[in-house]
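A quick write-up on the structure given underneath.
In what follows, every heavy atom counts, from backbone to side chain, and hydrogens, waters and symmetry copies are set aside. In what follows, chains are A, B, ... by sequence order, proteins preceding strands, each numbered from 1.
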There are 2 protein chains.
Amino acid sequence: MSNTSVLPLIEAEGSEAVAPCCPPLTERPFTAEEAETAARMFKALGDPVRLRLFSAVASHAAGEACVCDISDVGVSQPTVSHHLKKLKEAGLLASERRGTWVYYRVEPSVLAAMGKLLTMAPATA
Amino acid sequence: MSNTSVLPLIEAEGSEAVAPCCPPLTERPFTAEEAETAARMFKALGDPVRLRLFSAVASHAAGEACVCDISDVGVSQPTVSHHLKKLKEAGLLASERRGTWVYYRVEPSVLAAMGKLLTMAPATA
DNA sequence: CAGCTGCTTCGATGAACGTCAACATAGACA
DNA sequence: TGTCTATGTTGACGTTCATCGAAGCAGCTG
């Protein structure tokens, strides 16, 4: 909240070593802190427009897309920008300006962390 | 409001055949309809209290828990009931009254569907 | 430099949400 | 039957959120 306000869903993003904030949902009850962190992530994807934007970026070639490519989701462009900012604040997207256009890119480790969150605990059947 | 208003996140729940509403997020851009459906699910988990409740149920023995076991999340009991109703409406939980107590149970197929949603597309590296 | 395009920020508005207190309902037990 | 406990429901209140139009900033192009 103080600096870049990027949420610490994962701790390191250098390689493929994913350090999720929380164990799988089925492993043990979440603590208040874990729930707070993970809920921010789910909330970021809890809007249809944001989900479409995120999916558009994630499915784009090279894992990145310029705003002009994905802004056809039925809302005004300021709204698109607003949602992209929300996704960025949630740590799900990263943006980079390249000349005229701004490109958004998915953080793959975050996607992996979310996937693990929803994985069944391996022990129980 | 009308009936049970359970969302059709998955179509069949008979066996382990999961029929998710949507492809993986990375496969192709979501349509408006897909995004609407999936966003409801994410939104349901986008609240810390609901996430704790869901995790408490999911991690409980036999995959089910009575309200009295999980209502210690720092909010009043009507609020707990309210959130459990939301989770039920989202299709993530199912409830059953057994004598005095009401037991909530996780829909395993829904969890699997969500996990698949966040899976990387298998083809791309 | 001037004009144009792409994107973000600002301010406002209406809707949705989380929370609680109070009431209602269902079952257990005396 | 009456009462007590466990849950669900209703209504209200304050907050957050999504959305838009207008304005501002950044970079290209003439």
Lys/Arg cation over aromatic B:Phe30: A:Arg52, 6.0 Å, 45° cone: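 Output no; distance or angle outside limits.
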[X] has a side chain; which of [options] sits nearest to it?
X	options	result
A:Pro78	C:dC20, D:dA18, C:dT8	C:dT8
B:Val67	D:dT7, C:dT19, C:dC7	D:dT7
A:Tyr104	C:dC20, D:dA6, C:dT8	C:dT8
B:Lys85	D:dA22, D:dT9, C:dT19	D:dT9

side-chain contact (heavy atoms from CB on, under 4.5 Å) between A:Lys86 and A:Arg50, worked out: CA-CA 8 Å; A:Lys86 281 284 185 76; A:Arg50 280 200 290 271; 4.0 Å; yes
Upstream residue (5' side of DNA chain D) when A:Thr100 and A:Lys86 are each assigned their closest nucleotide: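 Whichever sits nearer the 5' end wins; that is A:Lys86.
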Along DNA chain D (nearest heavy atom to each residue), the more 5'-positioned of A:Arg50 and B:Val102: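 By nearest-heavy-atom nucleotide position, the 5'-most residue is B:Val102.
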Short side-chain N/O contact to D:dT7 OP1/OP2 from B:Trp101, under 4.0 Å: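 True: B:Trp101 side-chain N/O within range (under 4.0 Å) of D:dT7 OP1/OP2.
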Residue mapping more 5' on DNA chain C - nearest nucleotide basis, A:His82 or A:Arg97: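 It is A:Arg97, whose closest nucleotide lies nearer the 5' terminus.
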Whole-Å distance separating the [atom1] atom of [X] from the [atom2] atom of [N]:
X	N	atom1	atom2	answer
B:Arg52	C:dT19	CZ	P	12 Å
B:Lys43	C:dG18	NZ	C1'	13 Å
A:Asp47	D:dT16	CG	C1'	13 Å

Distance (rounded to the nearest 0.5 Å) between B:Arg28 CZ and A:Ser59 OG: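 It comes to 9.0 Å.
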Distance, nearest 0.5 Å, that separates CG of B:Leu51 from CG of A:Leu25: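 Between B:Leu51 CG and A:Leu25 CG, I get 5.5 Å after rounding to 0.5 Å.
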Report which part of the nucleic acid [X] touches: base, sugar-phosphate, or nothing (heavy-atom distance under 4.0 Å, all strands).
X	result
A:Thr79	base
B:Val80	nothing
B:Ser81	base

Note, B:Phe42 side chain near B:Met114 side chain (heavy atom, < 4.5 Å):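 A side-chain contact exists here, since the closest heavy-atom pair is under 4.5 Å.
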